[in-house]
Amino acid sequence: MAKNTQYDHNTIEEHWHGVWEETQLFQDTLATADPNKESLYLLFAFAYPSGQGLHVGHVESKTALDILARFNRMHGKTVFFPVGWDAFGLPAENYAVKTGVHPAETTRNAIDTFRRQIKRVGISYDWKSEIATSHPGYYKWTQWLFLELYKKGLAYQGTGQVNWCPSCQTVLANEQVVDGKCERCDSEVIQKEMKQWYFKITDYKDELISGLDQVDWPKATKLQQLNWIGKKTGINITYQVDDIDAKITVFTTRPDTNYGATFLVLAPEHEFVKTIVDGKLETPQVEQVREYLAKAQKKTELERQQEGRNKTGAFTGFYAVNQLTNRKMPIWISDFVLSGFGTGAVVGVPGHDLRDFEFAKAFDIEVLRVVVGPDGDTSPITSVDQVQEDVGKMINSGFLDGVEIAEAIESMMDYLEEKGWGKRVTTFKLRDWLISRQRYWGAPIPIVYDPEGKPHPVKEEHLPWTLPTDVDFKPTGESPLTSSKEFQDRVEKLYGPGWRPEYDTMDTFVDSSWYYLRYVSARDESQFSDPERLAKYLPVDFYMIGPEHIVLHLLYSRFFTKFLRDLGYLKFDEPFLAMRHQGMILGPDNKKMSKSKGNVINPDDIIQKFGADTLRMYEMFMGPIESDKPWDISAVAGVYRFLQRVLSLVEAVRLTGSETPDHPDYLTVRRKLHQTIEKVSKDIPARKYNTAIAALMECVNVWEKASRDKAVVLPESEVLAFIQIMAPFAPFMTEELYQRGRETSEFSSVHQTEWPSFDPEMAAEDMIELPVQVDGKVRAKLRVAATDAAEEAKVISQAQANEVITKWLDGKTVVKTIYIPGKILSFVTK
RNA sequence: GCCGAGAUGGCGGAAUCGGUAGACGCGUGGGUCUCAAAAACCCAUGAGCCAAAACUCGUGAGGGUUCGAGUCCCUCUCUCGGCACCA
């Protein structure tokens with residue numbers, strides 16, 4: 001056979017890239033789609049076009065989807081596989097602050113780079129439906145969506161404590177604060193009271209939970225969403241404040257221990273605290289309350305967290321009465337109680353809640369035991385390890401004595417409700433979504449204010465409400481749009497003198513939470529998306545997305561989907577039917593790739609040296625898509641060698657020209673080929689690309705050996721089948737091999753051919769190797785004709801005739817014989 | 001602390017309705033070719049014992065169920081991800 005056929009990957013890949021561009025292969029899918037064909041919508045979480053360009057992680061997830069796309073096209077489906085850009089965002093704006101280059105220009109250049117790189121990797125996107133969120137044709141509809149929410153009362157202005165990043169000079173959503181720091185720049189986030197725009201995502205909280213039953217997502221992802229929504233059932237208990245006309249309601253999930261309640265704690269922001277500070281309620285402790293409040297408000301989120309479990313607090317001078325015991329419980333304030341959760345007030349049961357115990361110890365409050373400890377311990381609780389939270393029988397608890405905790409919870413809730421002292425409630429951790437951003441590079445919020453400062457929606461005929469360009473980017477703490485003269489003039493001209501625009505822009509997550517709806521009619525100027533196409537192609541069949549988007553993007557997207565469904569625009573409840581996450585590609589040092597560590601692999605370099613086919617195939621071969629895995633440059637070369645061998649092998653077949661289907665070893669190769677077709681056909685839909693590639697390699701190993709040692713030459717149809725099953729992985733080289741074997745000059749791609757079928761008969765082995773165990777240990781392997789595998793008696797007698805088995809059975813009594821047809825034969829002796 | 005995922009040769013990983021552990025690739029050792037080297041190709045490659053065959057051990061640790069456990073059950077350790085003074 002011909003050795004070392006030159007594998008000139010750059011020439012091959014650039015050539016076919018050019019041909020595909022010219023012939024518009026797989027472009028404008030929906031306009032040309034056959035309505036009778038089954039359709040498949042594959043979606044990649046669109047990327048922020050950063051100045052760094054494409055990285056190997058992008059290549060991984062894009063290739064994974066591209067393989068699915070090509071495979072399904074070859075199965076006759078209409079595959080919708082669009083691409084776009086999450087183009088608004090901070091990096092371009094920060095770059096503008098530093099250099100003065102307008103974000104629009106930075107973004108345009110970055111997109112151009114990405115587009116070029118993605119095409120070079122051979123991702124078969126439909127570029128006709130490309131979108132960018134920063135394009136007025138797109139954000140017009142983002143603004144339209146805002147107005148629809150506004151009309152329904154789901155976009156509202158609220159004043160409250162917000163997360164403020166002093167470095168980005170903007171507010172952040174709760175979801176964007178990570179460990180008390182800004183997720184973008186790691187600056188410490190502070191709390192600020194501001195008037196901002198919110199979306200009422202909490203209206204959908206129940207459905208955001210129940211809808212998860214409809215989708216095929218990783219279990220862990222669903223749990224994480226549930227966790228974030230944080231549904232909890234408990235009871236609100238209302239206590240009378242002693243001596244004055246006031247009541248305080250606490251939320252608790254554990255009313256069972258209420259006989260052990262000895263104090264109340266209020267969040268610093270609690271209404272009752274306000275009345276004290278305002279002097280409406282007289283107490284000798286007013287000064288210390290004020291002092292504590294002042295201190296608490298100054299703390300940043302981070303400082304609060306760093307305090308850890310150390311309890312601070314102040315006594316208000318008031319007492320609440322526990323109806324169960326008539327005990328007067330001192331009312332304290334402390335910042336460990338959060339105003340946003342429950343009622344902003346808790347009842348302290350120090351004997352059976354770790355936190356309450358710590359608080360009681362810090363301020364010398366009485367601790368009562370109401371649950372029997374392990375080994376029947378009923379002594380007073382004096383140390384932390386006696387604080388028993390979850391299990392045990394009630395004691396000192398009146399009618400609950402002797403009852404297990406779980407049962408006591410329900411009994412007590414019933415009792416409190418019966419008495420009118422409490423009411424069962426459900427609470428959620430999920431807050432409304434704060435969408436105002438004091439930044440430039442985003443979609444302007446389509447709101448204008450009249451001279452009295454009252455907000456009005458921008459009229460729909462004024463959409464897109466364009467982002468002004470005469471803006472000073474330098475962050476001042478005020479929105480950059482404040483500096484635009486054009487923006488101000490526009491508003492006064494359209495709405496009247498004294499009117500002013502809303503200067504804030506929308507969180508970029510607003511842009512990215514509905515893009516998958518826009519793709520199907522990306523150029524439509526009359527509506528946000530085409531109803532017919534939405535009905536036909538949505539919801540998304542398969543979504544590939546990084547694990548970092550689990551909480552924010554998915555939650556917001558699901559909210560929009562449900563909202564638009566309620567308006568009648570959509571006929572489905574969930575936007576993404578199936579979803580998986582790609583793992584991270586780590587540097588060769590097994591660490592996350594970063595410029596500072598100098599371990600970044602640039603896909604351009606790999607393509608230059610080995611080609612896009614190698615890059616794709618290597619990344620798919622590294623391991624399961626879902627797991628993190630380190631880059632290994634010599635393994636890349638291994639994949640390159642494989643491709644080179646394929647090229648040589650196929651070339652050799654064609655140069656030889658004479659097939660040898662009558663060769664005795666031909667059947668071995670054909671069997672392997674059919675086994676490989678079967679394996680690859682099963683592995684691709686399951687996205688087990690690493691094992692599919694391993695199978696392709698095995699096939700080549702067998703084929704090559706037969707070709708070299710035995711001069712076996714496969715018929716052209718079988719060579720073609722191999723090329724076809726490899727095509728989704730290595731689109732360039734397979735196109736080259738396919739075209740070399742064709743006679744006609746009219747272009748038709750290997751990627752448009754029909755996927756080869758495998759013949760189970762041809763794939764079947766005629767001899768199998770059957771392990772034989774004696775007492776659980778494999779002692780011999782029998783060669784059994786496949787046709788005999790089902791005949792137990794025949795197999796057993798063959799085993800008993802085996803020399804090694806005889807030796808092991810010698811002098812022993814076989815008490816049991818187990819035969820799993822075709823799998824294993826096991827003798828058990830005494 | 002709580003929730004989730006995971007731990008398999010020198011490395012990445014195969015194999016989980018319980019049935020030959022280590023497919024495939026990398027690396028390593030030896031060889032062919034060459035004046036030499038590179039490339040390419042061939043052979044070997046879990047550990048122990050060993051001339052070889054055979055045998056013994058072996059999937060984070062310890063127990064258990066089973067004829068048989070990487071896979072199932074219990075306990076534990078470590079790593080990664082998420083949440084966290086959430087009442």
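Every chain is numbered from 1 and lettered A, B, ... according to where its sequence line falls, protein lines coming before strand lines. Because the structure is predicted, anything quoted here is derived from the model rather than measured.
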Testing B/rA54, B/rG19, B/rA23 for proximity to the side chain of A/Ile818, the answer is B/rG19
Note: for A/Gly638 and A/Val346 on RNA chain B, the residue whose nearest nucleotide lies more 5' is A/Gly638
- prompt: So what does A/Val639 hit on the nucleic acid, given a heavy-atom distance under 4.0 Å: a base, only sugar-phosphate, or nothing?
  reply: nothing
Regarding the side chain of A/Leu223, the nearest nucleotide among B/rC83, B/rC67, B/rC3 is B/rC3
Distance between P atoms of B/rC33 and B/rC42 (Å, rounded): 15 Å
query: Taking side chain as C-beta onward, heavy atoms only, is A/Asp628 less than 4.5 Å from A/Lys592?
result: no
Rounded to whole Å, CZ of A/Arg779 lies from P of B/rA53 at a distance of 17 Å
**Prompt:** Looking at side-chain heavy atoms only, is the closest gap between A/Phe428 and A/Ile209 below 4.5 Å?
**Reply:** yes
Practice prompt. Identify whether any heavy atom of A/Gln773 sits under 4.0 Å from a base atom; if not, whether one sits that close to sugar-phosphate; answer base, sugar-phosphate or nothing.
Written response: base
Are any of the side-chain heavy atoms of A/Tyr259 and A/Asn322 separated by less than 4.5 Å?
no
| said: When the P atoms of B/rA40 and B/rC55 are compared, how many Å lie between them, rounded to an integer? | reply: 39 Å
Tell me what A/Gly230 touches on the nucleic acid: a base, only sugar-phosphate, or nothing, going by heavy atoms under 4.0 Å.
nothing
### Query
Expressed in whole Å, how much space separates the C1' atoms belonging to B/rG70 and B/rA7?
11 Å
When rounded to whole Å, the CD to P distance for the pair A/Gln225 and B/rC3 reads 20 Å
For this session: Could you check whether A/Lys823 gets within reach of a base, just the sugar-phosphate, or nothing at all, counting any heavy atom under 4.0 Å?
Result: sugar-phosphate
Out of B/rC26, B/rG25, B/rU20, minimum distance to the side chain of A/Met697 belongs to B/rG25
Notebook entry, point to check: So, A/Thr238 and A/Asn236: side-chain donor and acceptor under 3.5 Å apart, yes or no?
Noted result: no
message: Taking B/rG4 as the reference, what is the distance to B/rU8 when you measure between their P atoms (whole Å, please)?
response: 22 Å
**Request:** Could you tell me whether A/Ser634 contacts a base, only the sugar-phosphate backbone, or nothing, with contacts defined as non-hydrogen atoms closer than 4.0 Å?
**Result:** sugar-phosphate
When you measure from the centre of the six-membered ring of A/Phe336, is the NZ or CZ of A/Lys311 closer than 6.0 Å and no more than 45° off the axis? yes
Polar atom pairs (N or O), protein with nucleotides 76-82 of chain B, under 3.5 Å:
from   : atom 1 : to       : atom 2 : distance (Å)
B/rG82 : O2'    : A/Gln224 : NE2    : 3.3

Would you indicate what A/Lys592 reaches in the nucleic acid, counting non-hydrogen atoms under 4.0 angstrom: base, sugar-phosphate, or nothing? nothing
Exercise. Give one of base, sugar-phosphate or nothing for A/Asp353, where a contact means two heavy atoms less than 4.0 Å apart.
Key: nothing
Is it true that A/Phe359 and A/Trp332 have ring centroids separated by less than 6.0 Å? yes
The residue among A/Tyr640, A/Phe610, A/Phe642 that forms ring-ring contact (aromatic ring centres under 6.0 Å, His included) with A/Tyr7 is A/Tyr640
**Message:** Rounding to an integer number of angstrom, what distance separates B/rU20 and B/rA15 when you compare their P atoms?
**Reply:** 13 Å
Ranking B/rU20, B/rA54, B/rC24 by distance to the side chain of A/Glu698, first place goes to B/rC24
Heavy-atom nearest nucleotide on RNA chain B taken for A/Lys781 and for A/Asn690; more 5' hit belongs to A/Asn690
Do A/Ile545 and A/His581 have side-chain heavy atoms sitting under 4.5 Å apart?
yes
Problem set entry | Residue-phosphate contact under 4.0 Å: A/Lys222 side-chain N/O, B/rG4 OP1/OP2 | no
Syn within 90° of 0, anti beyond: B/rG9 is syn
Notebook entry, point to check: Are OP1 or OP2 of B/rC24 and a side-chain N or O of A/Lys688 less than 4.0 angstrom apart?
Noted result: no
d(A/Thr249 OG1, A/Leu264 CG) to nearest 0.5 Å is 9.5 Å
Side-chain heavy-atom pair A/Trp217, A/Leu554 within 4.5 angstrom cut-off: yes
Just checking A/Lys311: base, sugar-phosphate only, or nothing, at a heavy-atom cut-off of under 4.0 Å? base
A/Leu825 atom CG is separated from B/rC67 atom P, nearest whole Å, by 16 Å
Under 4.0 Å, counting only non-hydrogen atoms across every strand here, what does A/Ala635 touch: a base, just sugar-phosphate, or nothing? sugar-phosphate
When rounded to whole Å, the CG to P distance for the pair A/Leu354 and B/rG1 reads 11 Å
Contact class for A/Trp808 vs. all strands (heavy atom < 4.0 Å): base, sugar-phosphate, or nothing? sugar-phosphate
Considering only heavy side-chain atoms of A/Phe341, the closest of B/rU20, B/rG4, B/rA87 is B/rA87
Atom CG of A/Asp683 and atom C1' of B/rA23 are separated, to the nearest Å, by 12 Å
- Task: Could you check if a side-chain atom of A/Lys812 sits within less than 4.5 angstrom of a side-chain atom of A/Phe827, using non-hydrogen atoms only?
- Result: no
Quick one: label A/Ile820 by what it contacts on the DNA or RNA (base, sugar-phosphate, nothing), any heavy atom closer than 4.0 Å.
base
- Do the side-chain N or O atoms of A/Asn590 get closer than 4.0 angstrom to the phosphate oxygens (OP1, OP2) of B/rC11? no
Under 6.0 Å from the NZ atom of A/Lys247, do we count more than 12 heavy atoms belonging to anything else shown?
-> no
Each base of RNA chain B marked ( ) or [ ] if paired in-strand (Watson-Crick or G-U under 3.5 Å), | if paired to another strand and . if unpaired gives (((((((..(((......[....)))((((((.......))))))(((......)))..(((((..]....))))))))))))....
Looking only at B/rC85, B/rG13, B/rG25, the nucleotide nearest the A/Glu358 side chain is B/rC85
>> Say we look at B/rA69 and B/rG64: how far apart would their C1' atoms be, to the nearest angstrom?
In response: 11 Å
Practice item. Taking atom C1' in both B/rC49 and B/rG12, compute the distance separating them and give it to the nearest angstrom. Key: 31 Å
Self-check item: Close aromatic pair by centroid cut-off 6.0 Å: A/Phe509 and A/Trp433
Solution: no
If we ignore angles and hydrogens, is there a donor and acceptor under 3.5 Å between the side chains of A/Thr233 and A/Thr426?
no
Here the distance between atom C1' of B/rU20 and atom CD1 of A/Ile824, to the nearest Å, is 6 Å
For this session: Take atom C1' in B/rU77 and the same atom in B/rG60, then report the distance between them in whole Å.
Result: 8 Å
Separation of B/rA87 atom C1' from A/Ile409 atom CD1, nearest Å, is 13 Å
A/Glu792 CD to B/rG19 C1', in whole Å, measures 15 Å
- Query: Under 4.0 Å between a side-chain N or O of A/Arg641 and OP1 or OP2 of B/rA40?
  - Reply: yes
| message | If you compare every side-chain N and O of A/Arg355 against the phosphate oxygens of B/rA84 (OP1, OP2), does one of them come in below 4.0 Å? | response | no
